[in-house]
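Written out below as structure tokens is the structure these notes cover.
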Amino acid sequence: MSKSTEESSENSKTQKKKKKKEGNWVTDDPAGKAVHVSAAGAQTAGKIGGDGLATIGQAAPVLQVAAVAYDAYQIGRNVEKDKKRGTSRNTVKKVTTTVATYGGGFGGALAGAAIGTAIFPGVGTLVGGIVGGVSGGIGFGFGSGKAAEAIMDKAEYNTYQAVCTTCQRPFLCRKYQTEDERNCEDCQEEKD
């Protein structure tokens, strides 16, 4: 092989490598870090991301309205229950957990979207946001319910010490949970 043929062949290999490195890189990172995506992967991600985002964009307002309506219904039921029993604890707990659930879901969605974007921009953002939002909402809702119970028990909110009329033992009457304030839980279960 002549020198010019070798140089031409070498130049062609360099051009191919350069093309591979230049094409199919995705980045939103100011530091310049990028993820290599094949052409088929980019097309699939674009289709899923575009169609998926459009579907979610249409469904999200409807689902949000349904969730808020359901939470308002539950708060209303707790208000009724508390009104009958002369308490407010059920309502306070429901409002607290509802606010924590929405806040945790929002924060989780932001964190999940950021992590998803770092891993795979576009589809990763979508998936991370959904997973983070659901996880944050469930975690904060559950955790806030437990925390609210512990704090309200410690403050003796809508509870008091009583003596059971059946067994004569002292017990913590949870006024917000029962209509029978004269009997302990054990004696109430025996009657049922």
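Position 1 is the first residue of the sequence, and the numbers go up from there.
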From OG1 (T165) to CD (E181), nearest 0.5 Å | 11.5 Å

Whether T178 side chain and K175 backbone form a donor-acceptor pair below 3.5 Å = no

List for me each residue that meets salt bridge (Lys or Arg N to Asp or Glu O under 4.0 Å) alongside R89, sequence neighbours excluded, and say none if there are none.
-> E149, D153

What heavy-atom pair brings G145 and K93 nearest, and what distance separates the two atoms?
-> O-CE, 3.7 Å

Please tell me if the side chains of V92 and Y157 come closer than 4.5 Å, counting only heavy atoms from C-beta onward.
-> yes

Beyond-backbone contact of K94 with D71, side-chain heavy atoms, under 4.5 angstrom = yes

Side-chain H-bond candidate by donor/acceptor type, S88 with D82, under 3.5 Å = no

Look at the side chain of N183 and the backbone N and O of C164, then say whether any donor-acceptor pair between them is shorter than 3.5 Å.
-> no

Spacing of CD belonging to E156 relative to NZ belonging to K154, to within rounding of 0.5 Å = 9.0 Å

Approximate separation, where rounding is to 0.5 Å, of C187 SG and D180 CG | 9.0 Å

Spatial distance of atom OG1 (T98) from atom OH (Y102) [nearest 0.5 Å] | 7.0 Å

Is the CZ atom of F171 crowded by more than 12 outside heavy atoms at less than 6.0 Å?
-> yes

Are the side chains of V163 and Q168 in touch, meaning some heavy atoms are under 4.5 Å apart?
-> yes

Rounded distance [0.5 Å steps], CD1 in I75 versus OH in Y70 = 11.5 Å

Test side-chain contact (heavy atoms from CB on, under 4.5 Å) applied to F140 and T97, step by step = CA-CA 8 Å; F140 273 74; T97 57; over 6 Å; no

Taking distance alone, no hydrogens or angles, what donor-acceptor pairs closer than 3.5 Å link side-chain atoms of residues 119-136 to residues at least two apart or in another chain?
from	atom 1	to	atom 2	distance (Å)
T125	OG1	T117	OG1	2.4
T125	OG1	G122	N	3.4
S135	OG	V131	O	2.8

Residue pair N158 / R174, side-chain heavy-atom distance below 4.5 Å | no

C173 vs Q161 side-chain heavy atoms within contact, under 4.5 Å | no

Point-to-point distance, once rounded to the nearest 0.5 Å, from CG of N90 to OH of Y176 = 7.5 Å

